[in-house]
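By convention here, the first residue in the shown sequence is residue 1. Counting convention: from 1, in listed order, for ligands and their atoms alike.
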Amino acid sequence: MSAPTDKDSPKASNFLRQIIERDLSQGTYAQRHWAGRPGDAATHQSGPLDPARIRTRFPPEPNGYLHVGHAKSICLNFGLARDYGGVCHMRFDDTNPEKEEQEYVDAILDAVHWLGFSWDAHGTSHLYQASDYFDFMYRAAEYLIGAGLAYVDEQTPEEMRASRGDFARPGTDSPFRDRSPEENLQRFREMRAGKLPDGAAVLRARIDMASPNINMRDPALYRIKHAQHHNTGSRWCIYPMYTFAHPIEDALENITHSLCTLEFEDQRPFYDWLLDRLREGGLINAPQPRQYEFARLNLTYVLTSKRKLKQLVDEGHVQGWDDPRMPTIVGLRRRGYTPESLQLFSERIGVTKANGWIDFSTLEIALRDDLDPKAARAMAVLDPVQLVIDNWDEAFGLGHLEPCTAPVHPHQPERGQRSFVFGKELWIERGDFEEVPPKGYNRLYPGSRVRLKYGYVVECVGADKDERGEVVAVHARVFPETKSGTPGSDSVKAKGVITWVSAADAVPAQVRLYERLFSVPQPDTGERDFLEELNPDSLKVVAAQVEPSLAQARADDKFQFERHGYFVADRKDHAPGSLVFNRATGLKDTFAR
Ligand code: ATP
Ligand code: MG
């Protein structure tokens with residue numbers, strides 16, 4: 001086996017691990033009860049002590065396919081739960097009424113499973129949807145109103161915006177701010193009963209219009225939206241705002257550590273304010289969840305916004321969400337990425353409190369490190385030109401085919417050998433012949449001696465060209481005693497080594513050579529629209545000739561094509577008799593040079 005990669009060594013610590021370890025050693029959550037399902041304080045109190053030492057959650061909105069940034073969040077949330085004897089909940093954040101996108105829901109669940117994680121623990125499936133909590137959210141809103149902590153504001157949206165103030169100026173109180181709880185309750189119930197049109201009123205928390213944190217200036221809790229919801233149908237015409245819904249979802253699910261990206265840092269005071277009030281009122285379980293922020297993943301040459309990725313799909317810039325150039329999990333999977341490579345990547349980039357950019361090569365290096373010990377080796381000629389061994393028949397007999405072998409993996413002899421034949425007519429890379437060799441060129445040119453890997457040393461004698469001057473066949477003479485692995489193998493000195501396949505047993509294949517989808521490292525940060533930064537050469541399709549062992553390849557199988565890089569049999573289009581391989585990544589990082 002090759003040297004162990006850092007996935008075998010202990011996990012590097014980070015600020016989140018330190019927080020969790022501190023909470024565990026102090027027993028912060030040790031006395032909490034868990035009813036076996038999400039619920040309010042009374043429900044949980046009726047249950048036994050929580051068997052999970054911590055609870056985290058992954059809460060996507062089902063409005064698109066997950067991308068590599070989500071993979072970081074999944075590996076983080078599920079990984080921490082696994083490492084600390086906890087449970088990670090899979091939660092769809094579907095509080096926004098919109099038409100159901102079952103396609104997205106299914107794809108998200110599939111992506112999390114494929115990455116190697118499960119939401120089943122202690123005999124329960126921890127798969128939840130936030131819209132199941134609408135009843136409780138409504139109850140929490142009425143509680144706040146009753147406690148004088150929320151009011152119905154009927155200012156116009158423009159008035160509300162104007163009275164919010166800005167960083168320099170404090171906000172001003174709404175004329176509706178001092179209505180009595182009874183009046184607010186009645187008005188809120190009218191909102192719920194559908195008596196008011198969209199936009200006519202919102203329920204707001206009553207906190208502090210002069211707070212230096214604008215998020216604390218009486219944020220909206222509920223808005224009117226006469227819309228069908230995929231789960232609750234037409235039962236509701238008021239819907240909770242994300243900032244109100246999210247802390248409640250966490251609390252009902254007994255989440256201990258609610259991890260989110262840095263943009264939500266300014267929301268934390270409201271998160272705490274809301275849960276403090278609901279806990280004091282006896283509505284939610286104690287101790288309540290805490291929010292912690294980490295830096296989102298920014299990866300060069302990649303967009304991590306579901307909305308923009310959707311635009312690439314909808315406008316036909318790529319061939320779907322699973323186009324191998326897409327940074328979606330389905331795209332990466334089809335490109336040849338493995339769950340282990342994405343876990344390794346997530347582990348290596350770690351979590352920090354400061355936003356930055358990760359170079360795309362970090363992702364590719366993780367893939368190579370994962371595939372190198374796993375992938376079977378094979379020879380493939382991607383841009384084939386014929387090589388004719390002029391003295392073959394006289395050296396070995398008319399039509400002779402000489403069996404050759406090569407290891408499946410150079411460092412794992414137990415994986416056995418691949419077999420193929422050597423004969424008079426071979427395929428080599430077009431780039432492996434030069435009529436007039438550039439300086440330092442050590443492959444085929446008239447007079448040069450080169451080893452055909454696992455085969456023989458040959459001497460180039462020239463080439464045939466067509467009327468346009470293009471090479472149609474290269475000619476060489478074999479040294480019959482130089483077969484690899486025989487005593488005479490180094491009786492003739494070769495300047496270079498090239499790969500090849502034999503016309504007699506090679507198999508045709510379509511090979512898709514992918515490059516980065518964007519030509520600039522940060523396609524969405526400059527003046528130009530990201531669509532203008534698309535790389536026009538991000539896909540090149542070539543007709544290749546590959547060694548016969550690849551005829552057995554099944555969809556999703558990964559290989560190292562010697563000299564070329566790592567390739568995967570396409571999940572969609574590859575079939576026996578119609579081979580299609582995608583280049584996952586080159587052998588080394590050539591992009592920077
Ligand atoms: P997008 O803008 O692409 O829709 P989002 O954050 O709105 O992303 P959600 O479905 O709300 O998407 O995300 C689910 C979880 O994934 C959230 O907890 C979010 O913090 C996390 N997440 C999303 N993008 C990234 C990223 N680039 N890096 C790390 N975590 C991310
Ligand atoms: Mg979102």
> When you measure from the heavy atoms of Phe264 to every atom of ligand 1, does any distance fall below 4.0 Å?
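False for this residue.
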> Return the orientation label for the Tyr138 and Phe188 ring planes: parallel under 30°, perpendicular over 60°, tilted otherwise.
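Rings of Tyr138 and Phe188: parallel, as their planes differ by under 30°.
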> Between Ile108, Thr261, Leu66, flag the one that comes closest to atom 20 (O) of ligand 1 by a heavy atom.
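Among Ile108, Thr261, Leu66, the closest heavy atom to atom 20 (O) of ligand 1 comes from Thr261.
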> Measuring from atom 1 (P) of ligand 1, which candidate in Lys306, Arg296, Lys310, Arg307 has the nearest non-hydrogen atom?
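When every heavy atom of Lys306, Arg296, Lys310, Arg307 is considered, Lys306 comes closest to atom 1 (P) of ligand 1.
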> Take the angle between the ring planes of Trp34 and His126 and call it parallel below 30°, perpendicular above 60°, tilted in between.
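Trp34 and His126: tilted rings.
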> For the CZ atom on Arg37, are there more than 12 heavy atoms of other groups (residues, nucleotides or ligands in this structure) within a distance under 6.0 Å?
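12 or below, so no.
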> Counting only heavy atoms not in Lys540, do more than 12 sit closer than 6.0 Å to its NZ atom?
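No - once you tally the heavy atoms of other residues, nucleotides and ligands closer than 6.0 Å, there are 12 at most.
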> Just which atoms of ligand 1 are under 4.0 Å from any heavy atom in Ser305?
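The list of qualifying atoms is 3 (O).
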> Taking side chain as C-beta onward, heavy atoms only, is Glu253 less than 4.5 Å from Tyr128?
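A side-chain contact exists here, since the closest heavy-atom pair is under 4.5 Å.
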> Where do Ile284 and Leu275 come nearest, in terms of heavy atoms and distance?
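Scanning both residues completely, I find the closest heavy atoms to be CD1-O, 3.5 Å.
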> Counting from 1, what ligand 1 atoms have a heavy atom of Pro60 closer than 4.0 Å?
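Contacts of ligand 1 toward Pro60, numbered from 1: 10 (O), 14 (C).
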> By number and element, which atoms of ligand 1 are closer than 4.0 Å to a non-hydrogen atom of Ser73?
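Here the atoms of ligand 1 in question are 16 (O), 21 (C), 30 (N).
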> Between the candidates Glu61, Arg57, Glu293, His70, which shows the shortest non-hydrogen contact distance to atom 12 (O) of ligand 1?
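That would be His70.
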> Quick one: which ligand 1 atoms are inside 4.0 Å of a heavy atom on His67?
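Contacts of ligand 1 toward His67, numbered from 1: 3 (O), 24 (N).
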